[in-house]
Amino acid sequence: SNPIFIDNQVVENYFIGILIRDASKGKIEKNLMRQNVIQFYLSQNCLKMKKYLLDNNTIEGRYDCADYCCIF
């Protein structure tokens, strides 16, 4: 997907504020992410968006990225 998500407040979600996966791109800027358990989560094929999200949004709290492989 290629969403335009600008100037929003993503707050008080029970788990993840924004989930980005499956090589999604988009314009995600000027958003406030806070008071979520995880502010944003990036799947392994979206890791290149990490710096962009951190530079162009206000993120207060934890974020997670699937930059590793787990085998159970």
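All heavy atoms count here, side chains included; hydrogens, waters and symmetry mates do not.
With sequence neighbours excluded, no residue forms a salt bridge (Lys or Arg N to Asp or Glu O under 4.0 Å) with Asp7. The side-chain hydrogen bond (donor to acceptor under 3.5 Å, both in side chains) check on Asn45 picks up Ser43, with sequence neighbours excluded. Shown here are the side-chain hydrogen bond (donor to acceptor under 3.5 Å, both in side chains) partners of Glu29, two or more places apart in sequence or in another chain: Tyr52. Legend: residues meeting salt bridge (Lys or Arg N to Asp or Glu O under 4.0 Å) with Arg62, ordered by chain and number and at least two apart, are Asp64. In this structure, the salt bridge (Lys or Arg N to Asp or Glu O under 4.0 Å) partners of Lys51, at least two apart in sequence or on a different chain, are Asp55.
To the nearest 0.5 Å, atom CE of residue Met33 and atom CG of residue Leu54 are 8.5 Å apart. Summarising the geometry, atom SG belonging to Cys65 is positioned 8.5 Å from atom CG belonging to Leu53; distances are rounded to the nearest 0.5 Å. To the nearest 0.5 angstrom, Ile20 atom CD1 is 13.0 Å from Lys25 atom NZ.
For the pair Arg34 and Glu60, the tightest heavy-atom approach, listed with the atom from each and the gap, is CD-OE1, 3.2 Å. Residues Val10 and Asn36 approach most closely at O-ND2, 2.9 Å, considering heavy atoms. Nearest heavy atom pair, residue Leu19 against residue Ile16, reads N-CG2, 3.9 Å. Nearest heavy atoms, Met49 versus Gly26: CE-O, 4.5 Å. Scanning all heavy atoms of the two residues, the minimum distance from Cys46 to Leu42 falls at O-CD1, 3.8 Å.
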Under the side chain to side chain contact (heavy atoms under 4.5 Å, CB included) rule, what do Ile28 and Asn56 come out as? Steps first, then yes or no, please. CA-CA 8 Å; Ile28 303 171; Asn56 295 293; over 6 Å; no
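Clustering of Ile, Leu, Val, Met, Phe, Trp and Tyr by side-chain heavy atoms under 4.5 Å joins Val11 with none of the others.
A distance-only check finds no donor-acceptor pair linking the side chain of Asn31 to the backbone of Gln9 [under 3.5 Å]. Of the possible donor and acceptor atoms, none in the side chain of Asn57 sits under 3.5 Å from a partner among the backbone N and O of Leu32.
Looking at Phe5, Phe15, Tyr63 one by one, the single match for ring pair (Phe, Tyr, Trp, His ring centres under 6.0 Å) with Phe40 turns out to be Tyr63.
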